[in-house]
There are 2 protein chains.
Amino acid sequence: MEANRPDTATRILDVAEQLFVEQGFEATSLRMITQQAEVNLAAVNYHFGSKDALFESVFQRRLAPLIASCLAELDQLEAKEEHPSVESLVMTFIRPCLALSKDPARGGALFVRLLSRTLVENHRLLRETISQQYSVFVQRYTRAFRHALPEFGVEELAWRMHFAFSVMFNAFAGNDVLKIFFRSQIVTARDPDMIVKHLVPFVVAGLVAPVPG
Amino acid sequence: MEANRPDTATRILDVAEQLFVEQGFEATSLRMITQQAEVNLAAVNYHFGSKDALFESVFQRRLAPLIASCLAELDQLEAKEEHPSVESLVMTFIRPCLALSKDPARGGALFVRLLSRTLVENHRLLRETISQQYSVFVQRYTRAFRHALPEFGVEELAWRMHFAFSVMFNAFAGNDVLKIFFRSQIVTARDPDMIVKHLVPFVVAGLVAPVPG
DNA sequence: GTCTATACCGTGATAGAC
DNA sequence: GTCTATCACGGTATAGAC
């Protein structure tokens, strides 16, 4: 009796998420997905349109709540304090990422890595959809940081935010840019709390650094 | 008369570099490469072994000199000053990247973007080869930064360097993590000098930030 | 509406003739 | 070294069953 067997579409989503996270997008074939999900090959194109669109669906299912969490934290912080510090603003972004990475039911740490990596890599799959959907996210953070860092012009602030989110996403992506060179001797700890502990001082210092000259 | 027509292998390398840079690795097929290079399809596998190996060759041809330039700058700096500043150390890395990105004959800005992106993405193609070949690079910079930042333990220093190189590679990759959200309103300037001008203060501040507590 | 079987064309790789 | 032929596998499209 397969009473509570999920939707075909849901089963595809679940299996696809797992395989994308474990093996990457390119390395995962539709035939692997449909076989493991026990559905027909054509079901993917029927329900999602294409492999690209499937990836987008997998992605959105997790990203939307994450963004919502960040904005909620931001609201909460701004309701509490008139002038939130840069560090507390940074934390409204980091905390939800951390929470997501500790929740296996929502993909866990592996999904945060997929998410970050995909954003960092600027995947063609996401450019249009995401940018339209989540411009609120950037607008809200831009406004918040503008108040916290009034000495910067809009352009300087945009650069700072760009760099800051770059480091943070990269840290969560767990790619260890230097590990390519370092081999195994260093930074083996994948513990997200450890990442944050070292990450926050770096990001905050970079954000508040005075413009030279 | 095709007197100075380059090697088959060289022609493949040149065309492949151009196409990889313009369209990305996955989007570039061997058939496109061999057709444009006017060589037979099988020539790629004969000369390079596989598409993956071809990418690696394309990559190494530019990376090796770049790394050499960085180390040369580092040598020069350390010969001149007993205790180089963090900023001057950072610049020994940034200057060669900048120079490469302005040299069309070596792939130019587009190649720097490909290079950075590939490192940031931690491509499977590079993990083994690169890490073995360029561990010197990391060792030299680690030693240099250890002298410039003696207050940090090895672990803290590794994190800082990891973050620092993350931002720098990302900046050169030109991915604009935030651009995904920002759309066009911001940071449109692709001028490498502009990047550096804003990048350096951020990175240096992050590197030298005191450990909290 | 949902699912299935199957065919199509492009991909990277390879064996063997020259 | 080079080329042709061929392979297995990839994503996709469609006709038709339920």
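Naming convention: chains lettered A, B, ... in sequence-line order (proteins, then strands); numbering from 1 in each chain. The analysis underlying the following values was restricted to heavy atoms, covering all of them including side chains, and did not include hydrogens, waters or symmetry mates.
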Report all side-chain donor-acceptor pairs from residues 64-73 of chain A shorter than 3.5 Å, counting only partners two or more places apart or in another chain.
unit_1, atom_1, unit_2, atom_2, d
A/Ser69, OG, A/Pro65, O, 3.2
A/Glu73, OE1, A/Arg95, NE, 3.0
A/Glu73, OE1, A/Arg95, NH2, 2.9
A/Glu73, OE2, A/Arg95, NE, 3.3

For DNA chain D, the residues among residues 11-23 of chain B that have a non-hydrogen atom under 4.0 Å from it:
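Those residues: none at all.
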Flag if over 12 foreign heavy atoms under 6.0 Å of CD, B/Gln35:
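Not buried by this count: 12 neighbours or fewer within 6.0 Å.
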Within the supplied structure, the quantity of interest is the number of heavy atoms (other residues, nucleotides, ligands) at a distance under 6.0 Å from A/Gln23 CD; does it exceed 12?
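Enclosed: over 12 neighbouring heavy atoms sit under 6.0 Å from CD of A/Gln23.
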Give the intermediate values and the outcome of side chain to side chain donor-acceptor pair (under 3.5 Å) for residues B/Glu22 and B/Gln18.
CA-CA 6 Å; B/Glu22 286 172 357; B/Gln18 183 199 330; 3.3 Å; yes
Could you provide the dot-bracket string of DNA chain D, using ( ) for intrastrand pairs, [ ] for crossing pairs and | for bases paired to another strand, with Watson-Crick or G-U pairs below 3.5 Å?
|||||||||.||||||||
Would you please indicate if the ring centroids of A/Phe163 and B/Phe163 are separated by under 6.0 Å?
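They do not qualify: ring centres at least 6.0 Å apart.
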Taking only residues at least two apart or on different chains, which pairs with a member in residues 10-46 of chain A satisfy ring pair (Phe, Tyr, Trp, His ring centres under 6.0 Å)?
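For residues 10-46 of chain A: A/Phe20-A/Phe25, A/Phe20-A/Phe55, A/Phe25-A/Phe55.
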Mind checking what makes side-chain hydrogen bond (donor to acceptor under 3.5 Å, both in side chains) contact with A/Glu78, not counting sequence neighbours?
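Partners of A/Glu78 by the side-chain hydrogen bond (donor to acceptor under 3.5 Å, both in side chains) criterion, ordered by chain and then number, come out as A/Arg140.
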Is the backbone of B/Ala42 close enough, under 3.5 Å, to the side chain of B/Asn40 for a donor and an acceptor to pair up by distance?
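Pair found, side chain donor or acceptor close to backbone of B/Ala42.
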Mind telling me whether A/Phe59 and A/Phe111 have parallel, tilted or perpendicular rings, with 30° and 60° as the class edges?
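A/Phe111 and A/Phe59: tilted rings.
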Rounded to whole angstrom units, what separation is found between the CG atom of B/Asn40 and the P atom of C/dA17?
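After rounding, the gap between these two atoms is 17 Å.
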Hey, are the side chains of B/Asp193 and B/Lys102 touching, using non-hydrogen atoms and a 4.5 Å cut-off?
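Of all side-chain heavy-atom pairs linking B/Lys102 with B/Asp193, at least one is under 4.5 Å.
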Strictly under 4.0 angstrom, non-hydrogen atoms only: write out the protein contact profile of nucleotides 8-14 of chain D, one letter per nucleotide from the 5' end, B, S or -.
--BBB-B
Side-chain N or O of [X] less than 4.0 angstrom from OP1 or OP2 on [N]?
X	N	answer
B/Thr8	D/dT2	yes
A/Tyr46	C/dC3	no
A/His47	C/dC3	yes

